[in-house]
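One-based numbering along the sequence shown. Atom set for the values below is all heavy atoms of this structure, side chains included, hydrogens, waters and symmetry mates excluded.
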Amino acid sequence: MYIEDSIAYAGEKAPMLKVTVVRPMEGYKLWLQFNDGTTKVFDFTSLLEKPAFAPLKKAETFNGVYIDYGVPVWNDGDIDISPEYLYEN
């Protein structure tokens, strides 16, 4: 049990998931390391058709990925994707 904002929750509080290392790869893939030590490769190609991620179709933009407070971002923070989504997919 844990208490947050005066509310009691059952179970243990899960630590906040963060990306600690990100590297762009060929074929619109990201190599990721998370704060729990897990490493994964995420294929971004299916998301490139979504309007929010369309600017990443340009390889130079996609390759400009960096981490801001544990979240992969592009274009000075205009585009981001949650660590939880990357971890689960």
Side-chain angles (χ1 to χ4, degrees):
M1 182 173 92
Y2 66 98
I3 298 174
E4 188 172 303
D5 297 327
S6 301
I7 300 171
Y9 295 90
E12 296 296 317
K13 183 175 181 179
M16 180 179 250
L17 193 59
K18 294 181 180 183
V19 173
T20 56
V21 180
V22 63
R23 292 189 184 115
M25 300 171 62
E26 294 282 325
Y28 297 100
K29 292 184 173 111
L30 294 175
W31 183 91
L32 303 151
Q33 183 174 26
F34 296 87
N35 60 332
D36 68 355
T38 304
T39 60
K40 296 187 178 223
V41 174
F42 181 82
D43 187 348
F44 219 93
T45 52
S46 65
L47 295 178
L48 294 175
E49 298 307 315
K50 299 197 181 284
F53 297 114
L56 301 181
K57 288 181 183 178
K58 292 175 71 177
E60 62 196 45
T61 304
F62 182 81
N63 291 336
V65 65
Y66 65 97
I67 299 170
D68 191 13
Y69 295 100
V71 178
V73 297
W74 295 264
N75 281 356
D76 294 326
D78 289 340
I79 302 170
D80 65 21
I81 188 162
S82 78
E84 294 80 10
Y85 183 84
L86 295 169
Y87 194 90
E88 294 169 7
N89 296 286

Which atoms form the tightest heavy-atom contact between G27 and D43, and what is the distance? O-OD1, 4.0 Å

Run the side-chain donor-acceptor check on residues 61-77: report pairs under 3.5 Å with partners two or more places apart or on a different chain.
{"unit_1": "N63", "atom_1": "ND2", "unit_2": "A59", "atom_2": "O", "d": "3.2"}
{"unit_1": "Y66", "atom_1": "OH", "unit_2": "G77", "atom_2": "N", "d": "3.3"}
{"unit_1": "W74", "atom_1": "NE1", "unit_2": "F62", "atom_2": "O", "d": "2.8"}

Applying the 4.5 Å side-chain criterion to the ILVMFWY set and letting contacts propagate, would F34 and W31 be lumped into a single cluster? no

Test side-chain contact (heavy atoms from CB on, under 4.5 Å) on L56 and Y28 and set out the steps. CA-CA 9 Å; L56 301 181; Y28 297 100; 5.7 Å; no

Give every donor-acceptor pair under 3.5 Å between a side-chain atom in residues 82-89 and any protein atom, sequence neighbours left out.
{"unit_1": "S82", "atom_1": "OG", "unit_2": "Y85", "atom_2": "N", "d": "3.1"}
{"unit_1": "Y87", "atom_1": "OH", "unit_2": "D36", "atom_2": "OD2", "d": "2.8"}
{"unit_1": "Y87", "atom_1": "OH", "unit_2": "T38", "atom_2": "OG1", "d": "3.3"}
{"unit_1": "N89", "atom_1": "ND2", "unit_2": "Y85", "atom_2": "O", "d": "2.9"}

Minimum heavy-atom separation for K57 and L48, please, with both atom names. CE-O, 3.1 Å

If the condition is side chain to side chain donor-acceptor pair (under 3.5 Å), which residues does E60 pass it with, not counting sequence neighbours? none

same_hphob_cluster(V22, M25) at 4.5 Å side-chain heavy-atom cutoff: no

